[in-house]
Amino acid sequence: MISKEHIIKRFVSYVTVDTESDPNSNTTPSTEKQWDLANKLVEELKAIGMQDVSIDKHAYIMATLPSNVDHDVPSIGFVSHFDTSPDFTGAHVNPQIIESYDGKDIVLNEAENIILSPDYFEDLKQYVGQTLITTDGTTLLGADDKAGICEIISAMEYLINHPEIKHGPIKVGFTPDEEIGRGAHKFDVEKFGADWAYTMDGSQIGELEYENFNAAGAVVKVKGKIVHPGYAKGKLINSMYIATEFINSLPRMETPEHTEGYQGFFHLHNIKGDVEETVLEYIIRDHDKGHFEARKEVMTKLTNELNDQYGYEVIVTEIKDQYFNMLEKIEPVMHIVDIAEEAMKQTGVKPIIKAIRGGTDGAQLSYMGLPCPNIFAGGHNFHGRFEYVPVESMIKATEVICKIAEITAIKA
């Protein structure tokens, strides 16, 4: 159905453009270099024949494939993001094409002895005989989520070239800054005009997700007092020691490395400190809304207890909600999940329905009035040097998009 060579060429043309986002920037997009790929995508959408192609001042891209049937069909959308994570460099990506993977270690970088091994990354074993695209060990790949963009554009191109496949109106949306939690912040749901949508932003083939974490971020500022250490008795207050008390008072086993499935966590992801001030940055995650609220309360209560212990405001904790579990918004419209599941089955893909231990643009979009489950894009080991994507998974994701459009038109 979809040419492997065509998919590879398109995907490589995307990942070799650096689009790393920046959480410390206040602009949208957060980095100027995201415009490089955004403008390229606009031209490509026009070139394949999409209608109403637009890009706004914040680099949000939208386009429409008009209906080719004469009866009313709901408008459906497909959404992906073009930025890559700041967790690991996305500059000078040099993709490696591994044909007919033999199930053995893949040497990503011989000089630095960087090896992608199935002994450690067991998911590799399910792709023996397939074509893999990997990094060269010095950057991330960017399949998160340039694979999703590649699949959406390839599906639109296929539908345009095969008008015998009947479909209703299809909306396409590409966003900046998803990796720093802002992908949907300036998304114009009304302009997009879809009744529902799907983010193509999952991992392995078959993933279909409509539950995600409730999420918050916490910044904990600990105040100390600096005096000469030789004359410090009864005067010096070391903020780093108090910060350590705070860290050790949270449940030690409720961290990412000790949790799975529906288990939530506290994650300390950054710490900067000296005697006078230490700043801790946490993310708080839980699928259950009650447990999520309780986790925030634990941090607030701990802050108050330490302040009482020291007799003054030694700690200030600021907690901000980031996104919520989309399940609440998807349950009333479960037919949109059923359509995606049926599309997978009809294209020979076994659905893997599970909760996301993270979030997508779809979580925020669902609360903005656009119900938006998440579908696999095919990649593995996101945000690091061991990222890879099987080309066959991208082809199947492209087929699933086309089939969703077809089924929606039939069921209307």
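Because the structure is predicted, anything quoted here is derived from the model rather than measured.
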Q. Between His335 and Trp196, does the ring centre distance come in under 6.0 Å?
A. yes

**Q.** Evaluation steps, side-chain contact (heavy atoms from CB on, under 4.5 Å), between Tyr158 and Glu399
**A.** CA-CA 9 Å; Tyr158 191 86; Glu399 292 177 4; over 6 Å; no

Q | Aromatic ring pairing Phe265/His267, orientation class (parallel under 30°, perpendicular over 60°, tilted between) | A | perpendicular

Q | Polar contact flag, side-chain donor to acceptor under 3.5 angstrom, Asp83-Thr19 | A | no

**Q.** Atom of Lys223, atom of Ile242 and distance for their closest heavy-atom approach
**A.** O-CD1, 4.3 Å

**Q.** Which atom of Asn212 lies closest to which atom of Met326, heavy atoms considered
**A.** OD1-N, 2.8 Å

Q.
If you apply the rule side chain to side chain donor-acceptor pair (under 3.5 Å), what do you find for Ser30 with Ser25, and how did you get there?
A. CA-CA 5 Å; Ser30 62; Ser25 168; 5.2 Å; no

(Q) Using a 3.5 Å distance criterion without hydrogens, assess whether the side chain of Thr199 forms a donor-acceptor pair with backbone atoms of Asp201. (A) no

(Q) Would you say Gln34 and Asp177 are linked by a side-chain donor-acceptor pair, where the criterion is simply a distance under 3.5 Å? (A) yes

Q. Stepwise, does the side-chain contact (heavy atoms from CB on, under 4.5 Å) test hold for Leu365 with Val189?
A. CA-CA 8 Å; Leu365 291 172; Val189 169; 4.2 Å; yes

**Q.** Minimum-distance pair of heavy atoms, taken over all atoms of Val275 and Met240
**A.** N-CE, 3.8 Å

Q) Can any side-chain N or O of Tyr60 pair as donor or acceptor with the backbone N or O of Lys186 at less than 3.5 Å? A) yes

Q.
I'd like to know whether Asp145 forms a side chain to side chain donor-acceptor pair (under 3.5 Å) with Ser80, so could you lay out the CA-CA distance, the side-chain angles of the two residues, the decisive distance to 0.1 Å, and finally the verdict.
A. CA-CA 6 Å; Asp145 189 25; Ser80 290; 3.1 Å; yes

Q.
I'd like to know if the side chain of Asp195 and the backbone of Ser75 have a donor-acceptor N/O pair within less than 3.5 Å.
A. yes

Q | Cation over ring face, Arg295 and Phe266, 6.0 Å, 45° | A | yes

Q) Hey, is the main chain of Gly90 close enough, under 3.5 Å, to the side chain of Thr139 for a donor-acceptor pair? A) no

Q. So, for Pro371 and Gly369, which heavy atoms are closest and what is the spacing to 0.1 Å?
A. CD-O, 3.5 Å

Q) Of all residues at least two apart in sequence or in a different chain, which pass the side-chain contact (heavy atoms from CB on, under 4.5 Å) check with Thr303? A) Phe246, Asn307, Ile315, Thr317

Below 3.5 Å, can you tabulate the donor-acceptor pairs from side chains in residues 91-104 to any protein atom, sequence neighbours excluded?
| from | atom 1 | to | atom 2 | distance (Å) |
| --- | --- | --- | --- | --- |
| Gln96 | NE2 | Asn94 | O | 2.8 |
| Glu99 | OE1 | Thr131 | OG1 | 3.0 |
| Tyr101 | OH | Gly103 | O | 3.4 |
| Tyr101 | OH | Lys104 | N | 3.4 |
| Tyr101 | OH | Lys104 | O | 2.8 |
| Asp102 | OD1 | Lys104 | N | 3.0 |

Q) For Phe174, what residues pass the ring-ring contact (aromatic ring centres under 6.0 Å, His included) criterion, not counting sequence neighbours? A) none

Q: Please name the residue in the list Ile247, Ile271, Asn270 that meets the side-chain contact (heavy atoms from CB on, under 4.5 Å) test with Tyr282.
A: Ile247

Q) Taking the six-membered ring of Phe11 as reference, does the NZ or CZ atom of Lys146 fall below 6.0 Å from its centre and within a 45° cone about the axis? A) no

Q. Out of curiosity, Asn325 CG to Asp286 CG, how far, rounded to the nearest 0.5 Å?
A. 9.5 Å

(Q) Please check this pair: side chain of His71 against backbone of Ala409, looking for a donor-acceptor N/O pair closer than 3.5 Å. (A) yes

Q: State whether the side chain of Asn214 and the backbone N or O of His287 hold a donor-acceptor pair below 3.5 Å, judged by distance alone.
A: yes

Q | 4.5 Å side-chain heavy-atom contact, Gln364 and Phe187 | A | no

Q. Is the closest side-chain donor-acceptor distance between Thr31 and Asp22 under 3.5 Å?
A. no

Q: Check the pair Ser85 / Phe382 against side-chain contact (heavy atoms from CB on, under 4.5 Å), numbers first and verdict last.
A: CA-CA 9 Å; Ser85 172; Phe382 295 151; over 6 Å; no

Q | Non-neighbouring partners of Ala197 that pass side-chain contact (heavy atoms from CB on, under 4.5 Å), sequence neighbours left out | A | Val79, Phe192, Leu370, Cys372

Q: In sequence, state the C-alpha distance, the side-chain angles, and the governing distance for Lys272 and Glu277, and then conclude on salt bridge (Lys or Arg N to Asp or Glu O under 4.0 Å).
A: CA-CA 8 Å; Lys272 295 179 182 177; Glu277 183 179 71; over 6 Å; no

Q) Are Arg285 and Gln322 linked by a side-chain donor-acceptor pair shorter than 3.5 Å? A) yes

Q) So, for Pro176 and Thr28, which heavy atoms are closest and what is the spacing to 0.1 Å? A) CG-CG2, 4.3 Å

Q. Between Glu151 and Ile401, is there a donor-acceptor pair closer than 3.5 Å when you use the side chain of the first and the backbone of the second?
A. no

Q) Below 4.0 angstrom, N of the basic side chain to O of the carboxylate: do Lys403 and Glu342 qualify? A) no

(Q) Is it the case that the side chain of Glu157 and the backbone of Ile153 share a donor-acceptor pair, with hydrogens and angles ignored and the cut-off at 3.5 Å? (A) no

**Q.** Candidate pair His167 and Glu406, rule side-chain contact (heavy atoms from CB on, under 4.5 Å), full reasoning
**A.** CA-CA 5 Å; His167 59 81; Glu406 186 179 5; 6.0 Å; no

Q) Can you tell me if CZ on Phe121 sees more than 12 non-hydrogen neighbours from other groups inside 6.0 Å? A) yes

Q.
Could you check whether any side-chain N or O of Lys396 sits under 3.5 Å from a backbone N or O of Thr347, counting only pairs where one atom can act as donor and the other as acceptor?
A. yes

**Q.** Short side-chain donor-acceptor distance under 3.5 Å, Glu305 and Tyr310
**A.** no

Q: Test side chain to side chain donor-acceptor pair (under 3.5 Å) on Glu179 and His383 and set out the steps.
A: CA-CA 10 Å; Glu179 294 292 1; His383 299 187; 3.1 Å; yes

Q. Which atom names give the shortest non-hydrogen contact between Gln130 and Pro390, and what distance separates them?
A. OE1-CB, 3.7 Å

Q: Over 60° means perpendicular and under 30° means parallel, so classify the ring planes of Phe292 and Phe324, tilted if in between.
A: perpendicular

(Q) My understanding is that only residues two or more places apart in sequence, or in another chain, count here; which of them pass ring-ring contact (aromatic ring centres under 6.0 Å, His included) with Phe88? (A) none

Q | Partners meeting side chain to side chain donor-acceptor pair (under 3.5 Å) with Gln204 (sequence neighbours left out) | A | none

(Q) Return the OG1 to NZ distance between Thr64 and Lys171, rounded to the nearest 0.5 Å. (A) 3.0 Å

Q: Would you check if the side chain of Thr135 reaches a backbone N or O of Phe386 as a donor-acceptor pair within less than 3.5 Å?
A: no

Q) Do NZ/NE/NH1/NH2 and the carboxylate oxygens of Glu341 and Lys345 come within less than 4.0 Å? A) yes

Q) NZ of Lys191: more than 12 outside heavy atoms within 6.0 angstrom? A) yes

Q: Go through Arg357 and Thr259 one step at a time and tell me if the side chain to side chain donor-acceptor pair (under 3.5 Å) criterion holds.
A: CA-CA 10 Å; Arg357 286 185 61 79; Thr259 53; 3.0 Å; yes

